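What follows is one structure encoded as structure tokens, with my remarks underneath.
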Amino acid sequence: MKAPNQVSLNERVPASPEKRSLLFGSAWYPEQRPESTWDQDLVQMREVGLNTVRMGEFAWSDMEPADGQYALDWVQRAIEKAAQYGISTILCTPTPCVPAWLAHKYPQIMGQRANGTKQMSGIDRQHFDPSDPQYLIEVARIAEVLARRFGEHPSVIGWQLDNEIGESSWSPAAAGRFQNWLQHRYGTLDNLNQKWGTAIWSGRFQSWADIPLRVDTHVVHLNLAIFDWQDEVWENYLRVQAEAIRHHRRRPQPISHNFSYDYARQDAEHAGRALDIMGVDPYISPLTCHNPDRMGFYLAITRGAKRAPFWVLETQPNTTGWGPPNAALPPGEVRRMMYHQIGHGADMVSFWQWRASRTGAEQYHGSLVNSDGRPRPILSEISGAVQELKALDSHLAGTAVKPGVAMLWRTRDRLHLDRQRFHPDFDAWKNAHDQYGAFRRLGLDVEVIGSAQNLSDYRLLVAPYLHLVDTALEESLLAWVQTGGHLLVGPRSGWADEEGARRVDGQPGGRLAQALGARVDEYYALHAPLGFSSKMAGNGEVNIWAEWLEPETDDCQILARYDERHPWLSGRAAWVQRHYGRGAISYLGCWPNETLWTRIAQVVSQHAGIDLPWYPLPQGIEVSTRQGPRGNIHILCNYQDNTVKIRLPGPLRNLLDNSRKQTLALPAFGVAVLSDI
Ligand code: GAL
């Protein structure tokens with residue numbers, strides 16, 4: 001039974017997906033400018049077509065200038081002024097910045113950098129200790145105060161918690177909490193020492209207090225434990241704020257957070273458990289040209305965390321202020337990026353920021369209008385794209401990306417591999433991108449997921465490197481394969497247990513090895529490309545990494561072998577597969593180049609019974625598909641510098657010009673929105 005003040009789950013999210021319109025917005029900081037300029041901002045926003053602003057995320061000292069003295073009238077005036085122009089608000093909790101009075105009252109809530117510097121209020125942000133119990137009380141308190149006041153305001157359509165979480169504290173107090181957590185997890189020091197194998201280098205810990213909160217040591221198990229602890233700390237940090245808001249909101253105001261690039265500091269799925277809708281801040285810089293697989297992978301993690309549409313809460317208007325150099329994007333790039341984000345499942349595109357800062361740290365950063373309110377050259381491009389996309393709202397609203405291919409990607413694997421690359425170019429993040437990109441080049445959408453739960457929506461699961469494996473993970477993967485799933489695991493899979501210690505029964509070891517019917521006999525860092533030949537995928541080259549695979553059962557098929565260029569690997573198996581239950585498992589022991597990867601992706605997709613209506617897709621063309629009750633909408637973007645002709649899977653209607661064609665000529669930076677009805 002729900003407590004009297006609690007809203008039910010159905011009230012927590014927009015009632016019906018069909019009614020959900022796309023949102024276009026910008027970060028807006030009314031507290032930083034005279035109130036007399038607000039109208040000027042909002043008039044222009046309305047002209048551009050924006051229907052949302054995000055506000056408040058850094059404004060604690062203006063919302064509560066002194067302990068318990070709340071000053072929220074300006075927030076209300078800003079929300080209502082925006083509403084007069086038809087603009088709704090995503091209201092943020094202001095918790096990334098600790099006001100001075102709070103830092104004085106509870107000095108322990110301020111964080112400490114890894115180099116020992118104590119953080120201070122007033123000179124930066126993300127400077128608190130997210131594990132400090134008093135800070136959790138304070139952030140829940142301010143979230144509650146805001147929710148009590150604005151939780152039934154009709155113009156507040158959602159919440160953002162904090163801003164780009166992830167800067168942890170490395171203080172002695174935080175270390176003490178980490179040690180308590182270790183004690184809770186391992187029970188005894190003997191158990192910890194045994195699991196971490198601390199006999200190496202006389203590293204046996206004899207007291208919990210001796211275990212440091214440091215990631216610069218050689219103890220890889222310590223790094224994983226620190227990640228796990230901080231991951232829990234951040235999830236809890238979001239949860240206490242979310243719960244405070246949930247308790248007091250009276251309208252469907254979904255709660256989100258704007259995660260920053262690459263999810264290196266927390267597991268997206270874990271952090272997402274505290275939220276109603278995922279949110280993300282994808283920026284193109286420092287590249288001046290958008291790499292769709294780089295941003296796309298990041299968006300796919302965001303979508304995969306809840307397997308649902310998400311919000312882009314910040315993105316790049318033209319230049320950033322932190323890239324070396326901050327070159328402007330070519331005309332057309334921002335429009336294409338907006339289509340790309342929506343194609344990947346974004347239901348909101350919001351820019352950072354509306355008006356350039358007149359003071360403070362990021363005065364040169366891109367914005368939509370200048371600090372004096374003059375429109376910047378990029379504004380007309382953004383305005384054009386917003387108007388176009390809003391005109392498509394009836395087609396796009398309520399649709400979602402629903403891939404049949406998933407990629408299992410976990411930050412812990414990456415963390416462990418990054419500590420022990422063995423080949424300096426074995427960049428786990430890039431390796432995952434390469435694999436992701438191979439399926440995207442076939443025109444397939446890919447869901448990037450963080451756990452092997454509920455796989456029944458997918459026919460094919462790719463695990464670029466299933467480096468750390470435990471029995472529960474093996475069980476769920478194999479149960480899904482039994483029922484017809486196709487699993488492709490990449491090199492370095494099944495290496496270690498979840499603590500990061502090598503498995504005692506070889507690689508991949510455990511139930512995975514039994515099901516695959518093969519083992520990895522040896523691994524090699526490559527200093528030159530090596531040939532790969534396969535009846536199914538053809539000949540090609542691999543680089544950086546190659547494993548010698550050895551079948552152990554007669555029915556384990558060798559799908560590819562290495563050529564004679566490597567003295568140890570000549571003729572050895574590079575890719576093996578075995579049918580298991582109604583599905584199949586295959587293990588690829590190397591890092592193929594782009595062309596070869598695309599052919600491998602094609603072969604495994606076809607084995608898994610996945611249609612490839614877009615294959616072959618011309619180079620540089622990206623397709624994403626949003627499915628809805630009334631059919632599919634395909635969003636195509638051209639990343640080539642020239643016009644590209646595309647043969648469509650059938651006659652499709654281009655909603656941008658209402659033409660119905662079987663072929664399409666997409667100019668450089670061009671986009672198309674195609675409907676199959
Ligand atoms: C984001 C941050 C914004 C702003 C922006 C531009 O990471 O959330 O507040 O700093 O970058 O650099």
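Keep in mind that what you see is a predicted model, and the values were worked out from it rather than measured. Both counts, for ligands and for their atoms, begin at 1 and track the order of listing.
Salt-bridge annotation for R141 and E138: present, with a side-chain N of the basic residue lying under 4.0 Å from a carboxylate O of the acidic one. Contact check on K81 versus D39 returns a salt bridge, with a Lys/Arg side-chain nitrogen under 4.0 Å from an Asp/Glu carboxylate oxygen.
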Apply side-chain hydrogen bond (donor to acceptor under 3.5 Å, both in side chains) to T315 and Q341, showing your working. CA-CA 10 Å; T315 198; Q341 293 168 346; 3.0 Å; yes
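For atom 2 (C) of ligand 1, the closest heavy atom belonging to the protein is E314 OE1, 3.3 Å. From the protein, the heavy atom lying nearest to atom 5 (C) of ligand 1 is Y283 OH, 3.4 Å.
Proximity to F58 (heavy-atom distance under 4.0 Å) selects the following atoms of ligand 1: 9 (O). If you number the atoms of ligand 1 from 1 as listed, the ones under 4.0 Å from a heavy atom of E362 come out as 4 (C), 6 (C), 10 (O), 12 (O). Near W322, with a cut-off below 4.0 Å to any heavy atom, the atoms of ligand 1 are 6 (C), 12 (O).
Polar contact with ligand 1: present for E164 (N/O pair, distance under 3.5 Å). The N/O atoms of R125, backbone and side chain alike, include one that comes under 3.5 Å of an N/O atom in ligand 1.
The shortest distance between side-chain heavy atoms of Y237 and L136 falls below 4.5 Å.
You'll find the ring centres of Y261 and Y298 inside the 6.0 Å limit.
Residue contacts with ligand 1, taken as heavy atom pairs separated by less than 4.0 Å, do not involve T320 at all. Proximity of Q353 to ligand 1, defined as any heavy-atom pair under 4.0 Å, is not found for any part of the residue.
In this structure a side-chain-to-backbone donor-acceptor pair under 3.5 Å is missing from S88 to I157.
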